[in-house]
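Data block below; observations after.
Predicted, not measured: the structure shown is a model, and the values here were computed from it. Per chain, numbering begins at 1; letters A, B, ... match sequence-line order.
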Amino acid sequence: MSIRVRRPTTERLELTDGDYLLVKQDLTAGEYRELMRASAKPITVTTVTGGPAPTIELDPIAAGLAMVVAYLLDWSFTDADGRKLHIADQPPAVVRAALDAIDSDAYMEVMRAVQTHQAARAAAIAEEKKTRPGPSVPDRTLMSVG
Amino acid sequence: MLDEPRVVWRGTGDARGRVKLAYQTAAELTGYVITIDPARRLTLSGTIVASNPFLLTQTPLVFVVGTKVGACRWPVQTVTVRDDRLTAALGPLLERE
């Protein structure tokens with residue numbers, strides 16, 4: 001049997017000007033589902049019979065924000081008076097409001113950092129899977145014998 | 001010398017305390033009280049406003065309360081949930097951030 005629950009671990013991502021982000025190393029299944037839900041928007045398509053059918057499609061703008069909110073735990077950002085912008089342990093709505101309040105360059109830097117982190121973790125997990133013992137697959141050559 | 005459990009911390013008003021597994025919240029409490037008994041054992045009790053039953057089975061859990069000067073954390077040794085009430089045995093205060 002294998003371990004399928006990871007201990008919640010954080011990573012610190014360094015930004016320019018000495019700033020940093022504290023992010024989740026990985027998302028849980030529940031967090032991933034929430035990310036998918038927040039990244040989609042409802043649309044209506046026309047079926048082959050001509051009727052309307054509700055479905056969803058990826059909203060690229062919402063998807064970027066949803067990914068940042070999913071991973072971000074804390075940061076070093078301050079307001080114009082030098083007071084820390086508190087996002088740790090705050091509900092997603094507060095984190096989204098803080099992300100809306102920072103300047104657009106800072107937001108793009110945050111998003112790039114989280115995207116890079118996500119890609120690096122995906123590569124690391126893919127590498128882990130290569131060394132994880134998998135189910136034994138019957139040899140197709142032998143199965144065809146007889 | 002203590003004769004009976006004494007309240008050492010009380011969350012008043014809408015103050016919330018959280019039982020956490022690292023950054024994940026296993027339970028959020030209101031009306032929480034930490035008492036100390038004559039044997040110097042700390043006990044937490046409070047009303048659950050949100051909880052994750054799976055996370056409550058995991059270790060290591062800590063109980064965290066925010067204060068004006070930072071957060072206080074206690075290690076959670078055992079947890080009992082009955083209806084909307086959570087009771088936990090706590091270890092000594094870990095740190096004030």
Decide whether [X] and [Y] are clustered together by the hydrophobic rule: side chain heavy atoms of Ile, Leu, Val, Met, Phe, Trp, Tyr closer than 4.5 Å, transitively.
X        : Y       : result
A:Leu22  : A:Leu27 : no
A:Leu85  : A:Val94 : no
B:Leu90  : B:Val33 : no
A:Met108 : A:Val95 : yes
B:Val76  : B:Val49 : no

Quiz prompt | Inter-chain contacts: residues 44-80 of chain A against chain B, heavy atoms under 4.5 Å | solution =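 Only A:Leu73 of residues 44-80 of chain A have a heavy atom under 4.5 Å from chain B.
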Quiz prompt | Residue pairs fulfilling ring pair (Phe, Tyr, Trp, His ring centres under 6.0 Å) with at least one residue in residues 15-70 of chain A, sequence neighbours excluded | solution =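 Ring pair (Phe, Tyr, Trp, His ring centres under 6.0 Å) check on residues 15-70 of chain A returns no pairs.
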Quiz item: Is chain B contacted by the side chain of A:Thr9, its backbone, both, or neither, given a heavy-atom distance below 4.5 Å?
Solution: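 For A:Thr9, the contact with chain B is made by the backbone alone.
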Exercise. Kindly indicate whether the side chain of A:Glu31, heavy atoms from C-beta on, has any atom under 4.5 Å from the side chain of B:Gln24.
Key: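 Contact flag for A:Glu31/B:Gln24 side chains = yes.
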Quiz item: Do A:Val5 and B:Phe54 come within less than 4.5 Å of each other through their side chains, counting heavy atoms only?
Solution: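 A:Val5 reaches B:Phe54 side chain to side chain.
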Quiz item: Are there more than 12 heavy atoms of other residues, nucleotides or ligands under 6.0 Å from atom CG of A:Asp103?
Solution: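 Above 12, so yes.
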Practice problem: Assess whether atom CZ of B:Arg85 is packed by more than 12 heavy atoms of other residues, nucleotides or ligands within 6.0 Å. | Solution: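 More than 12 heavy atoms, drawn from other residues, nucleotides or ligands, come within 6.0 Å of this atom.
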Quiz item: Can you name the closest pair of heavy atoms from A:Asp26 and B:Tyr23 and give their distance?
Solution: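 Looking at all heavy atoms of both residues, the closest pair is O-OH, 3.6 Å.
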Quiz prompt | For A:Asp89 against B:Arg18, the heavy-atom pair lying closest together | solution =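 For A:Asp89 and B:Arg18, the tightest heavy-atom pair comes out as O-NH2, 4.0 Å.
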Practice problem: Give a yes or no on whether the backbone of B:Leu21 and the side-chain of A:Arg7 come within a donor-acceptor separation of less than 3.5 Å. | Solution: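 No; judged by distance alone, with no hydrogens or angles, the pair does not exist.
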